Novice: 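Before we start, here is the structure in question, set down as structure tokens.
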Amino acid sequence: ISGDDFELYHGVVAAACRFHDMMLARLLEIAGPETNVVLCSDHGFLSGSSRPLRSPNDPAGPALWHRDMGVLVMAGPGIKPGARVLGASLLDVTPTLLALAGLPCGRDMPGMPLTAVLADPEVPPRISSWEEVPGECGRHPEGTLWGSAPGNGLLVQRLADLGYLNDPADDNRE
């Protein structure tokens with residue numbers, strides 16, 4: 001990049017990190033010490049000599065900057081202070097959240113609760129499946145299409161542009 005561009009933009013990433021730190025600090029303040037807080041990302045970002053020299057002019061271009069290892073940081077009364085997460089998978093996050101809430105995992109659910117980081121490592125025994133538990137579970141009603149709610153089409157397209165979903169084009173049923 002040119003020296004002028006460097007001079008103009010070299011502090012942008014550090015400023016964005018400071019801003020996000022401020023937002024997280026405010027969230028923690030509002031939530032209070034009695035709240036479990038989990039910060040999770042499915043990927044990190046390449047740095048140093050690992051960074052790509054250029055990103056293609058394509059909506060999925062930023063994915064080239066992703067690294068395989070993500071981020072998982074947890075704090076609160078249900079979390080063992082100073083515990084480290086080793087060998088975890090993204091699939092372990094939901095079972096861990098269920099365990100924090102005192103709820104069992106389904107046997108049809110991949111992943112395991114990260115008991116090494118839980119203040120109470122005893123987790124409820126697994127149930128057959130949450131699919132068999134009666135009651136309202138927060139899902140969209142049967143037959144709801146992704147693009148049927150205002151703004152969902154744009155959201156789905158952005159996720160597809162980033163490579164998280166196949167591009168549904170104009171077929172909302174897909």
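This is a predicted model, so every value here is computed, not measured. Only heavy atoms go into these numbers, but all of them, side chains included; no hydrogens, no water, no symmetry mates.
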Novice: Measure across Ala99 and Val123 and return the closest heavy-atom pair with its distance rounded to 0.1 Å.
Specialist: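 Shortest heavy-atom contact: CB-CG1, 3.6 Å.
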Novice: Would Val37 and Val73 show up in the same hydrophobic cluster when neighbours are defined by side-chain heavy atoms closer than 4.5 Å?
Specialist: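 Result: yes, single cluster for both.
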Novice: When rounded to the nearest 0.5 angstrom, what distance separates CG in Leu91 from OG in Ser89?
Specialist: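 It comes to 4.0 Å.
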Novice: Is Val117 reachable from Leu97 through a run of hydrophobic residues whose side-chain heavy atoms are each under 4.5 Å from the next?
Specialist: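 Linked within one cluster.
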Novice: When rounded to the nearest 0.5 angstrom, what distance separates CG in Leu100 from CE in Met74?
Specialist: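 Spacing of CG (Leu100) from CE (Met74) equals 7.0 Å.
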Novice: What I'd like to find out is whether the side chain of Arg126 reaches to under 4.5 Å of the side chain of Pro104, using heavy atoms alone.
Specialist: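 SC-SC contact between Arg126 and Pro104 ruled out.
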Novice: Taking atom NE2 of His66 and atom CG of Asp42, what is their separation to the nearest 0.5 Å?
Specialist: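 The distance works out to 7.5 Å.
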Novice: Between Leu39 and Val85, is there shared hydrophobic-cluster membership here, with clusters defined by ILVMFWY side-chain heavy atoms closer than 4.5 Å?
Specialist: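 Result: no, two separate clusters.
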Novice: Is Leu90 reachable from Leu118 through a run of hydrophobic residues whose side-chain heavy atoms are each under 4.5 Å from the next?
Specialist: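 Same cluster: Leu118 reaches Leu90 through Ile, Leu, Val, Met, Phe, Trp or Tyr contacts under 4.5 Å.
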Novice: Where is the tightest heavy-atom contact between Trp130 and Leu98, given as atom of each residue plus distance?
Specialist: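 Where Trp130 meets Leu98 most closely, the heavy atoms are NE1-CD1, 4.2 Å.
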Novice: Grab the two heavy atoms, one from Pro33 and one from Pro77, that are nearest each other, plus how far apart they are.
Specialist: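 So the two residues come closest at O-CD, 3.4 Å.
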Novice: Counting only heavy atoms not in Glu34 (residues, nucleotides, ligands), do more than 12 fall under 6.0 Å from its CD?
Specialist: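 Correct, the count exceeds 12.
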Novice: Under 6.0 Å from the CE atom of Met69, do we count more than 12 heavy atoms belonging to anything else shown?
Specialist: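 Atom CE in Met69 is not packed in, count stays at 12 or less.
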Novice: Test your reading of the model: is there a side-chain donor-acceptor pair from His10 to the backbone of Glu7, 3.5 Å cut-off?
Specialist: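 A pair under 3.5 Å: yes.
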Novice: Between Leu103 and Met109, is there a shared hydrophobic cluster once you connect ILVMFWY residues whose side-chain heavy atoms come closer than 4.5 Å?
Specialist: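 Shared cluster, yes.
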Novice: Does the Trp65 side chain pair with the main chain of Gly44, one donor and one acceptor, at a distance under 3.5 Å?
Specialist: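 Not confirmed, Trp65 side chain does not pair with Gly44 backbone.
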Novice: Over all heavy atoms of both residues, which pair between Leu46 and Arg67 is shortest? Give the atoms and the distance, please.
Specialist: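 Result for this residue pair: CD2-CB, 3.6 Å.
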Novice: Are any side-chain N or O atoms of Ser41 and backbone N or O atoms of Val71, one a donor and one an acceptor, separated by less than 3.5 Å?
Specialist: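 Absent.
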Novice: Do other residues, nucleotides or ligands put more than 12 heavy atoms under 6.0 Å from the CG atom of Asp68?
Specialist: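 Open: at most 12 neighbouring heavy atoms sit under 6.0 Å from CG of Asp68.
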Novice: May I ask you to decide if the ring planes of Phe45 and His43 are parallel, tilted or perpendicular, using 30° and 60° as cut-offs?
Specialist: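 Ring orientation, 0 to 90° scale: perpendicular.
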Novice: Closest approach of Met112 and Thr96, non-hydrogen atoms and distance?
Specialist: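 Heavy-atom minimum between the residues: O-OG1, 4.0 Å.
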Novice: Measure the spacing between CG of Leu8 and CD1 of Ile1 and express it to the nearest 0.5 Å.
Specialist: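 One finds 9.5 Å between CG of Leu8 and CD1 of Ile1.
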Novice: Does Asp92 use its side chain to pair, donor to acceptor, with the backbone of Leu114 at less than 3.5 Å?
Specialist: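 Judged by distance alone, no pair lies under 3.5 Å.
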Novice: Of all the heavy-atom pairs spanning Pro95 and Pro113, show the shortest one and how long it is.
Specialist: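 So the two residues come closest at CB-N, 3.6 Å.
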Novice: Taking C-beta and beyond as the side chain, do Ile127 and Arg107 meet within less than 4.5 Å on heavy atoms?
Specialist: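 The answer is no, as the side chains (C-beta and beyond) never meet within the 4.5 Å cut-off.
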